[in-house]
2 protein chains.
Amino acid sequence: MGEAQKHDVFQAIADPTRRKVLVLLSDKELSVTEISKHFPMTRTAVSKHLGILSESGLVDATKKGRETRYSLQPEAFLELKDWLSFFDQFWDNKLSMLKHLVEDGSKTE
Amino acid sequence: MGEAQKHDVFQAIADPTRRKVLVLLSDKELSVTEISKHFPMTRTAVSKHLGILSESGLVDATKKGRETRYSLQPEAFLELKDWLSFFDQFWDNKLSMLKHLVEDGSKTE
DNA sequence: AAAATAGGAAACCGAATGGTTTCGTAAAAA
DNA sequence: TTTTTACGAAACCATTCGGTTTCCTATTTT
């Protein structure tokens, strides 16, 4: 019950390599070795990235024989969407305000 | 034209302090000193966070006399929304698959 | 003019990050 | 059974990160 969970979803998507991994996994589940082929770094490095992704809940790791299949865990994106959606209101307001300003023409064209 | 831009939006929102700053700024524009009151750290530390946020484009910094007013730049959230929305399709599919599974009743209730 | 206020720049520090190589182990193939 | 393959754990390394203190420069206020 006392899982520390060192990495959350926000940290997980902060790294470009990890974001690319997520895109790769959106197509189909893959092993570490398969994923590694897409990156100019060692398999171990990719493995660590997968560790962080799986710790954050964004991907699932399932052992199948001697290999581990990594797959997307789309539900985990909800936390991100929820946080982002909070700012939607302001985005809308500010955008319509901007529209107003432009239409009012405070700038002599 | 050759702006390096060390910090992008993904890195910017990775830190919990910065996420909280964004929420604060969503209410109204604030100065560094005002924002600092909400955190158990020095004004300088908060100032650095604001530097990163403003570098990423998520906030705007405008000097007004001796103080700097920081405000939300909601348009910058679009990059995040866009990236996230790519995964919506998979989220939807998996969710409806799950729904199916549940409705089919593979679990004897 | 003097004092107070707002805030950034610089130097510094410990811990975290992203990467490497090396090694051990379990499963599959020969 | 021997060998190959898949992979993680560990130790290590340079750089970045989040924070501090100290100091300097503008603006306000008095």
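Below, read A as the first sequence line, B as the second, and so on, with proteins coming before strands; counting in each chain starts at 1.
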Subject >> Test item: B:Arg19 side-chain N/O and B:Ile13 main-chain N/O as donor-acceptor pair under 3.5 Å >> reply: yes
Subject >> Protein-nucleotide distance (B:Gln11, atom CD; C:dA16, atom P), rounded to Å >> reply: 18 Å
**OP:** Starting from P on D:dT16, measure out to CD1 on B:Ile52 and report it in whole angstrom.
**Re:** 13 Å
Original post:
Rounded to the Å, how far apart are A:Lys6 NZ and D:dC17 P?
Top reply: 18 Å
Original post:
Going by heavy atoms in the side chains, are A:Val21 and A:Ile35 under 4.5 Å from each other?
Top reply: yes
**OP:** Round to the nearest Å and state the distance from B:Leu53 atom CG to C:dG8 atom P.
**Re:** 13 Å
**OP:** Test for a donor-acceptor pair under 3.5 Å between the base of D:dG8 and the side chain of A:Arg43, counting only N and O atoms.
**Re:** yes
Subject >> Ionic contact status for B:Asp60 with B:Arg69, cut-off 4.0 Å >> reply: no
Subject >> 4.5 Å side-chain heavy-atom contact, B:His49 and B:Asp15 >> reply: yes
Original post:
Taking NZ from A:Lys37 and P from D:dT5, how many angstroms apart are they, rounded to a whole number?
Top reply: 12 Å
**OP:** Inspect the contact between A:Glu55 and A:Lys48 and indicate whether a charged nitrogen and a carboxylate oxygen are less than 4.0 angstrom apart.
**Re:** no
Original post:
So how far off straight is the helix from C:dA1-D:dT30 to C:dA30-D:dT1, going by the axes through five pairs at either end, to 10°?
Top reply: 20°
**OP:** Calculate the interatomic distance between A:Glu67 atom CD and D:dG8 atom C1'; express it in whole Å.
**Re:** 14 Å
**OP:** Start with the C-alpha gap between B:Leu30 and B:Tyr70, add the side-chain angles, then the distance that decides, and say whether side-chain contact (heavy atoms from CB on, under 4.5 Å) holds.
**Re:** CA-CA 5 Å; B:Leu30 295 165; B:Tyr70 289 92; 5.8 Å; no
Original post:
Hey, does the side-chain of A:Arg66 have a donor or acceptor N/O within less than 3.5 Å of a partner on the base of D:dG8?
Top reply: no
Original post:
B:Ser47 has a side chain; which of C:dG8, D:dT20, D:dC17 sits nearest to it?
Top reply: C:dG8
Original post:
Could you give the NZ-to-C1' distance, from A:Lys63 to D:dG8, as a whole number of Å?
Top reply: 8 Å
Original post:
Counting distance only, does the side-chain N/O of B:Glu67 pair as donor-acceptor with the main-chain N or O of B:Ser31 below 3.5 Å?
Top reply: no
Original post:
Does A:Lys48 or A:Tyr70 map to a spot on DNA chain D nearer the 5' end, using the closest nucleotide for each?
Top reply: A:Tyr70
**OP:** Could you state the atom-to-atom distance from NZ of B:Lys64 to P of C:dG8 in whole Å?
**Re:** 15 Å
